[in-house]
**Q** 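What follows is a structure written as structure tokens; I'll ask about it next.
All heavy atoms count here, side chains included; hydrogens, waters and symmetry mates do not. So that the names make sense, note that chain A is the first sequence line, chain B the second, and so on, each numbered from 1.
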Amino acid sequence: MKILGRILIITAVFSIVTGLIVTIVNASGMNAHAIDDTAQFRPQNFGNGSELRPPNLENRPPERGERDGGASRLVLGMIKNVVVIGLLVTVIVWPKSIAKKRKRANTVATSNNKS
Amino acid sequence: MSNDDSKFTPSQTKTKLWLDILIFIAFLIVMEPHASGLAIHEWLTLSLLAVLTIHLLLSWDWITETSRRFLGRLGGQTRFNYLLNWLLFIDGTLLIVSGIMISEVAMPAMGIQLPLGFAWRRLHDMSANFALILLGVHTALHWNWIVKTFDKYLAQPFLQMFLPKQNKDASE
């Protein structure tokens with residue numbers, strides 16, 4: 001029961017944040033160019049950006065939803081993101097650990113001097 | 001979310017660790033929709049919602065305690081961590097909402113047709129890039145816990161599988 005209540009709280013907060021986001025996006029007019037039509041009236045591939053590109057252009061970037069590269073690309077992309085996260089971790093954790101070591105060394109030196 | 005594991009049983013800590021590893025791997029896969037395919041990208045993200053809810057439930061005590069003490073006496077790092085987690089929650093919500101708005105597989109499969117919105121696509125890309133940075137900072141803030149727990153519950157048990165055998169071989 002307690003867990004169910006907590007899930008409800010999380011869902012409620014999620015719904016409030018969602019409502020705020022949708023309201024802000026609609027009120028700001030960012031989504032003014034939204035096209036409210038149904039799929040059957042749309043030309044084929046309309047809305048995914050492909051209508052703006054020449055049809056037989058080689059080496060074009062992949063469309064949204066178009067699979068490209070497969071497993072090797074997936075692995076490379078995952079490595080790229082791990083490197084980004086790793087860099088952030090290094091930048092934040094390393095100076096902190098150096099400062100901690102220096103502080104510890106100073107404490108040891110002070111206690112040695114006292115004795 | 002907290003580095004203090006004194007309130008958790010070893011099995012809870014182990015669950016937290018495996019859950020976090022699962023979230024991390026799933027996040028890396030969903031960040032590459034062109035390589036994984038749109039179907040995996042959308043369905044995996046939607047199923048991640050349940051896992052992220054469990055992640056929040058496991059940190060519930062820390063969330064409520066810090067929320068209560070936020071305006072009172074609280075350490076600088078805990079305060080920063082709390083704000084970062086809120087930012088991560090809001091960005092994650094934006095990521096999911098914009099993803100639902102531009103969905104081409106999951107929502108149509110559920111019979112939901114949403115109007116096309118070009119702003120949502122831009123917001124989806126922006127929030128995804130921002131989520132990567134926030135996740136990096138989130139990981140950095142919990143680095144000590146990650147290293148300690150990984151060593152205790154994964155590395156040491158793995159090494160123990162081979163070490164007794166080695167000792168036995170040496171004694172023979």
**Q** At a 4.5 Å cut-off on heavy atoms, which part of B:V137 comes close to chain A: side chain, backbone, both, or neither?
**A** both
**Q** Can you name the nearest heavy-atom pair linking B:L132 to A:L88, along with the distance?
**A** O-CD1, 4.3 Å
**Q** Would you kindly confirm whether A:V91 and B:L134 end up in one hydrophobic cluster when ILVMFWY residues are joined by side chain heavy atoms under 4.5 Å apart?
**A** no
**Q** Identify whether B:M101 and B:L95 are in the same connected component of the hydrophobic contact network (ILVMFWY, side-chain heavy atoms under 4.5 Å).
**A** no
**Q** Can you say whether B:L123 sits under 4.5 Å from chain A via the side chain, the backbone, both, or neither, judging by heavy atoms?
**A** side chain
**Q** Sort A:V75 into side chain, backbone, both or neither according to what part of it lies under 4.5 angstrom from a heavy atom of chain B.
**A** neither
**Q** Between B:W60, B:F24, B:F27, which residue shows the highest count of heavy-atom pairs closer than 4.5 Å to chain A?
**A** B:W60
**Q** To the nearest 0.5 Å, how far apart are CG in A:L20 and CD1 in B:I90?
**A** 9.0 Å
**Q** Between B:M31 and A:M78, is any pair of side-chain heavy atoms under 4.5 Å apart?
**A** no
**Q** Evaluate the side-chain proximity of A:L74 to B:H34: yes if any heavy-atom separation is below 4.5 Å, no if none is.
**A** no
**Q** Atom CZ of residue position B:R122 - does it have more than 12 heavy atoms of other residues, nucleotides or ligands inside 6.0 Å?
**A** no
**Q** Is there a chain of hydrophobic side chains (I, L, V, M, F, W, Y, each step under 4.5 Å between heavy atoms) that links B:V30 to B:L52?
**A** no
**Q** Taking a hydrophobic cluster as the set of Ile, Leu, Val, Met, Phe, Trp and Tyr residues connected by side-chain heavy atoms closer than 4.5 Å, whether directly or through intermediates, do B:W145 and B:L135 fall within one such cluster?
**A** yes
**Q** Please look at A:V22 and chain B and tell me whether the side chain, the backbone, both or neither of the residue comes under 4.5 angstrom of a heavy atom of that chain.
**A** both
**Q** About how many Å separate CG of B:L56 and CZ of A:F14, when rounded to the nearest 0.5 Å?
**A** 11.0 Å
**Q** For A:I79, is it the side chain, the backbone, both or neither that has a heavy atom under 4.5 Å from a heavy atom of chain B?
**A** neither
**Q** Over all heavy atoms of both residues, which pair between A:V93 and B:A140 is shortest? Give the atoms and the distance, please.
**A** CG2-O, 3.5 Å
**Q** Using a 6.0 Å cut-off, check whether atom CH2 of B:W43 has over 12 heavy atoms from anything other than its own residue.
**A** yes
**Q** Which residue out of A:L87, A:V84, A:V13, A:I3 racks up the most heavy-atom pairs below 4.5 Å with chain B?
**A** A:V13
**Q** Please classify the contact between B:I133 and chain A as side chain, backbone, both or neither, with a heavy-atom cut-off of under 4.5 Å.
**A** both
**Q** Within a strict 4.5 Å, meaning less than it, do heavy atoms of the B:L57 and A:I10 side chains meet?
**A** yes
